[in-house]
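Structure record follows, encoded as structure tokens.
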Protein chains: 2
Amino acid sequence: MPDNEPMTAARTSSPADHPQPGLRERKKTKTREAIRAATYALVKEQGYDATTIDQIAERAEVSPSTVFRYFPTKEDIVLTDEQDPILLALLRSRPAREAVADTMRYVMREGARMGFDEDPDMARLRTHLMVQVPAVRSRMMESMSVLGRMLCVAIGERSGRDPDSLEVRVYTMSLLGGLMETALYWGEHGHEDDFGALLDRTLDVLEHGLSKENT
Amino acid sequence: MPDNEPMTAARTSSPADHPQPGLRERKKTKTREAIRAATYALVKEQGYDATTIDQIAERAEVSPSTVFRYFPTKEDIVLTDEQDPILLALLRSRPAREAVADTMRYVMREGARMGFDEDPDMARLRTHLMVQVPAVRSRMMESMSVLGRMLCVAIGERSGRDPDSLEVRVYTMSLLGGLMETALYWGEHGHEDDFGALLDRTLDVLEHGLSKENT
DNA sequence: CATGAAATGAGAGTAGCTCTCAAAAGATGG
DNA sequence: CCATCTTTTGAGAGCTACTCTCATTTCATG
């Protein structure tokens with residue numbers, strides 16, 4: 001088993017956050033990224049459906065079992081990228097008395113921008129797959145509703161309502177439903193629009209309904 | 001290559017609606033219902049995941065192949081029930097100059113009432129499975145977004161906008177997202193609330209945001 | 001009743017995903 | 001450096017949803 005990556009012996013006295021990962025942790029990270037990279041490449045070459053777990057395992061130089069140890073489903077390899085905590089952090093970074101709608105506008109725009117800046121190719125691939133592959137879209141919606149549950153808590157706090165009330169839940173999920181559709185729209189139109197601008201139009205519709213300017 | 005709906009030469013001089021079905025058609029309907037009934041019973045006995053296609057086939061007295069000929073996926077056995085055309089018909093039954101929000105309120109309430117009256121047990125089982133089984137929920141969301149595409153056309157007509165515009169699509173999907181959440185809420189709370197009342201509260205939130213009354 | 005068309009059953013095959021178990025590799029203490 | 005304990009891995013068997021093919025049965029029709 002050749003170790004091709006130079007071992008960065010980060011042995012500088014580490015600040016509490018990174019308690020000196022240890023070889024095991026570092027290898028896990030590498031494996032995870034190898035699987036993702038392999039999937040990314042194969043999907044670009046052959047398409048999503050034509051890419052099997054066995055192929056991914058082979059290219060990532062791990063066993064198929066290992067792939068499933070790192071990702072619960074095939075869709076997750078493409079989608080997972082702990083964005084939920086980031087969004088929550090953004091949300092909590094806003095003053096509590098700000099109007100909920102304004103907060104969401106900021107959070108969504110900023111979250112999207114961060115996600116895109118970090119890896120534009122990946123962001124495009126994801127929305128592309130969301131458009132093309134039903135299974136990926138479904139998985140995305142599922143993880144969206146998980147995010148929704150967390151948003152409910154935050155929004156409940158801010159609006160002084162029960163996070164489990166129908167009102168908060170409906171508000172949250174309709175928001176996320178609209179955002180989902182925005183992402184799909186962006187993907188369907190070849191990522192030509194400025195996503196931030198789309199988000200603004202989306203939030204206008206969510207706030208004011210279909211009243212003002214039109215198509 | 002037998003595709004979706006086999007065109008059976010309904011050649012009896014027939015009044016367009018019920019052309020005297022013919023034995024073949026009657027058998028097909030019976031098989032379809034047998035499969036659904038078997039699934040319904042088995043799921044109630046054992047739960048959704050524990051119920052396999054083979055069991056369903058056995059109880060319905062057909063071969064497993066036949067089950068897949070009638071339903072594309074296991075989830076569809078539980079979910080499918082051409083409600084889309086009904087909703088569309090309801091929608092078109094409303095005067096074109098009615099406010100979109102009012103139209104939707106009527107359509108959704110009436111659609112839900114019809115679906116529930118027709119088979120209350122089935123309606124409850126469905127929402128219950130939506131809550132419990134991720135795969136069913138996913139499938140439901142998919143069919144919801146198909147409905148969304150159709151609603152976009154209708155809403156586009158009514159609001160004088162391009163049905164493919166971001167605005168119409170976002171409006172439609174956020175509406176459906178809210179409705180979806182309402183159904184989940186209803187199911188999670190043991191179907192104790194009056195669904196129509198929940199729908200009203202949902203549409204209030206969708207129209208006015210989180211502003212007025214609270215939990 | 002003979003002929004054509006459609007529905008069915010049987011069976012093989014694929015792929016995602018789970019589970020188990022033994023081998024390999026990192027961590028740890030002497 | 002070695003022994004031991006723990007975590008990670010690989011190999012492989014197994015399950016199930018789902019697809020495809022082909023021969024057989026069943027209905028429709030002249």
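All figures in this text were calculated on a predicted structure; none of them were measured in a lab.
- In this structure, A:Lys28 reaches the D:dT8 phosphate: one of its side-chain N or O atoms is under 4.0 Å from OP1 or OP2.
- At the heavy-atom level, A:Ser65 lies under 4.0 Å from base atoms of the strands shown.
- Contact check on A:Arg149 versus B:Glu188 returns a salt bridge, with a Lys/Arg side-chain nitrogen under 4.0 Å from an Asp/Glu carboxylate oxygen.
- Between the CD atom of B:Gln46 and the P atom of D:dT16 there is a distance of 11 Å, rounded to whole Å.
- The side chain of B:Ser63 contributes no N or O atom lying less than 4.0 Å from OP1 or OP2 of C:dA7.
- Where A:Arg24 and B:Asp49 meet DNA chain D, the nucleotide closest to each residue was compared, and A:Arg24 sits on the side nearer the 5' end.
- With salt bridges taken as basic N to acidic carboxylate O contacts below 4.0 Å, none links B:Glu118 and B:Arg113.
- At whole-Å resolution of the value, CD in B:Gln55 and P in D:dC15 are 14 Å apart.
- A:Glu157 has a carboxylate O that lies under 4.0 Å from a charged side-chain N of A:Arg92, or vice versa, which qualifies the two as a salt bridge.
- Mapping B:Lys27 and B:Thr73 onto DNA chain D by nearest heavy atom places B:Thr73 closer to the 5' end of the strand.
- Spacing between atom NZ of B:Lys74 and atom P of D:dT19 amounts to 15 Å, rounded to whole angstrom units.
- With C:dC17, C:dT8, C:dA25 as the candidates, the nucleotide lying closest to the side chain of B:Thr66 is C:dT8.
- Stacking of A:Arg94 on the aromatic ring of A:Tyr106 is recorded, both the 6.0 Å distance cut-off and the 45° axial limit being met.
- Rounded to whole Å, atom C1' of C:dA15 lies 9 Å from atom CD1 of A:Ile53.
- With rounding to whole Å, A:Glu25 atom CD is found 17 Å from D:dT6 atom P.
- Of all heavy-atom pairs spanning A:Val168 and A:Cys152, the tightest one is CG1-O, 3.7 Å.
- Residue-to-nucleotide contacts include no donor-acceptor pair under 3.5 Å from the side chain of A:Arg26 to the base of C:dG26.
- Nearest-nucleotide mapping onto DNA chain C: of A:Glu75 and B:Pro64, the residue sitting toward the 5' end is B:Pro64.
- What separates CG of B:Leu42 from P of D:dT16 is a distance of 14 Å, to the nearest Å.
- Rounded to an integer number of Å, the gap from B:Arg69 CZ to C:dA6 C1' is 10 Å.
- Within 4.0 Å (heavy atoms only), A:Tyr70 reaches sugar-phosphate atoms of the nucleic acid but no base atom.
- Listed candidates were D:dT9, D:dA17, C:dG16. Nearest to the side chain of B:Phe68 is D:dA17.
- The CG-P distance, from B:Asp76 to D:dT19, rounds to 11 Å in whole Å.
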